[in-house]
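The next block holds one structure in the form of structure tokens; read it before the comments.
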2 protein chains.
Amino acid sequence: MADTFVSNPSFFKLDATLKKLRNYWQKTFDAQQKDITVDQWLLIENLYKHKKTTHNELARNTSKDITTISRIIELLVKKGLVKREADVYDRRKVYLQLTPEGVEKYKDVKSLVYDMRKIGWKTLTETDYAELTRILDTIYANIP
Amino acid sequence: MADTFVSNPSFFKLDATLKKLRNYWQKTFDAQQKDITVDQWLLIENLYKHKKTTHNELARNTSKDITTISRIIELLVKKGLVKREADVYDRRKVYLQLTPEGVEKYKDVKSLVYDMRKIGWKTLTETDYAELTRILDTIYANIP
DNA sequence: AAACAATAGTTGCCATAGCAACAGTTGCTA
DNA sequence: TAGCAACTGTTGCTATGGCAACTATTGTTT
């Protein structure tokens, strides 16, 4: 691999792209008064799909630190979108699930997210998507 | 574009990959007692290349918020790696540049970063790199 | 020249990221 | 069964990200 190659700023480009995406999503949420953050949305989406999970599972599913999960869930509980439920058999465990309001929020925001994803990809093909996925997965797997 | 396509988690994958990269870099810095964070490194690298810049320029070059630049620079000044110098003609402006210790830090950490970049890319080709760059640039350009 | 607009940077606030330390609970083992 | 290890989740601390409000300075307009 050429010397000039490894010094190229892939880290920077990933960071810049992600920031711009996150920013665009957040501004769209704000403009439509959805009253959630991007990461709160990611948890809601995940809870919708898995119905009932623990903090630990949610952390693994979303690639987030468990402390971050703990705090975001706290905010979502305060907003009435998520409820906690203690496990009957293992009192260490707390199951998380969307409240009816949480499900409503999911359905309400979903199409917005769908549209934004289309916008990001509008000039790209499915092949491009497969390529990006392959490359990112490879980088992920390469890191110890 | 197929319906299943746009709902695929590109945002999530970008976020997860970047987090794993950042984490690996930080752990390596810590293990070698470099006493800097990944973002502090990015600013040092940029200041080494540009010698003398303002907060604003640095923010543009690194895709960071100017308030974030302000705070990271404050930490680097406290560590003695960066010094501030007021512009003679425009007293609003502050020029930033590495101290001799900052230049030392750059030279010290540089090869570590070089190695880590190689590790992330070890099973990928230059074509892959070009593809990733093209796709990320396109996404970036697509976002309003 | 006085008023106003634009620019450079800082500070306050809240959210996310990650590490360390902690509390409580459960499971294993001597 | 007593003691310890493992597991689940929370809290404290520091760093980064972004918005709004602010100060200080410079440029423009009338």
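Chain identifiers are assigned alphabetically (A, B, ...) following the order of the sequence lines, protein sequences preceding nucleic acid strands; residue numbering begins at 1 within each chain.
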TODO: Using distance alone, with no hydrogens and no angle criterion, decide if A:T53 and A:N61 have a side-chain donor and acceptor under 3.5 Å apart.
DONE: no
Task: Closest-nucleotide 5' rank along DNA chain C - winner of A:T37 and B:D90 - done: B:D90
Task: Salt bridge present between A:E131 and A:R134 (N-O < 4.0 angstrom) - done: yes
Open item on the list: Using the side-chain heavy atoms of B:R91, tell me which of these nucleotides is nearest: D:dT16, D:dT26, D:dT11.
Closed with: D:dT26
Task: Closest listed nucleotide, where the reference is the side chain of B:R92 and the choices are C:dA8, D:dT11, D:dT8 - done: C:dA8
Task: Heavy atoms of other groups near A:K110 NZ, more than 12 under 6.0 Å - done: no
Task: Listed nucleotide nearest any side-chain atom of A:D39, set D:dA20, C:dC19, C:dT16 - done: C:dT16
Task: Side chain of A:K93 - closest among D:dT16, D:dT8, C:dT10 - done: D:dT8
Task: B:T67, nearest nucleotide to its side chain (from C:dT11, C:dA6, C:dC19) - done: C:dT11
- [ ] Select one nucleotide: of C:dT16, C:dC19, C:dG9, the one nearest the side-chain heavy atoms of A:Q40.
- [x] C:dT16
TODO: Any strand is fair game: report the nucleotide pairing with C:dC19 by Watson-Crick or G-U wobble, both distances under 3.5 Å, or none.
DONE: D:dG12
TODO: Could you check which of D:dC19, C:dG18, C:dG9 has an atom nearest any side-chain atom of B:T54?
DONE: C:dG9
Open item on the list: If you assign each of A:K79 and B:D30 to its closest nucleotide in DNA chain C, which residue comes earlier from the 5' end?
Closed with: A:K79
- [ ] Please state whether the phosphate of C:dA8, meaning OP1 or OP2, lies under 4.0 angstrom from any side-chain nitrogen or oxygen of B:H55.
- [x] no
- [ ] With the side chain of B:R71 defined as its heavy atoms from C-beta on, choose the nearest nucleotide among C:dG24, C:dT11, C:dT16.
- [x] C:dT11
TODO: Among C:dG18, D:dT16, C:dG9, find the nucleotide with the atom closest to the side chain of B:I72.
DONE: D:dT16
Open item on the list: Rounded at 0.5 Å granularity, tell me how far CG in A:D128 sits from CD1 in B:I135.
Closed with: 4.5 Å
TODO: Give a yes/no answer on whether the side chain of A:S70 brings an N or O atom under 4.0 Å of OP1 or OP2 in D:dT10.
DONE: yes
Open item on the list: Can you identify which nucleotide, out of C:dT16, C:dC19, D:dG17, has its nearest atom closest to the A:D15 side chain?
Closed with: D:dG17
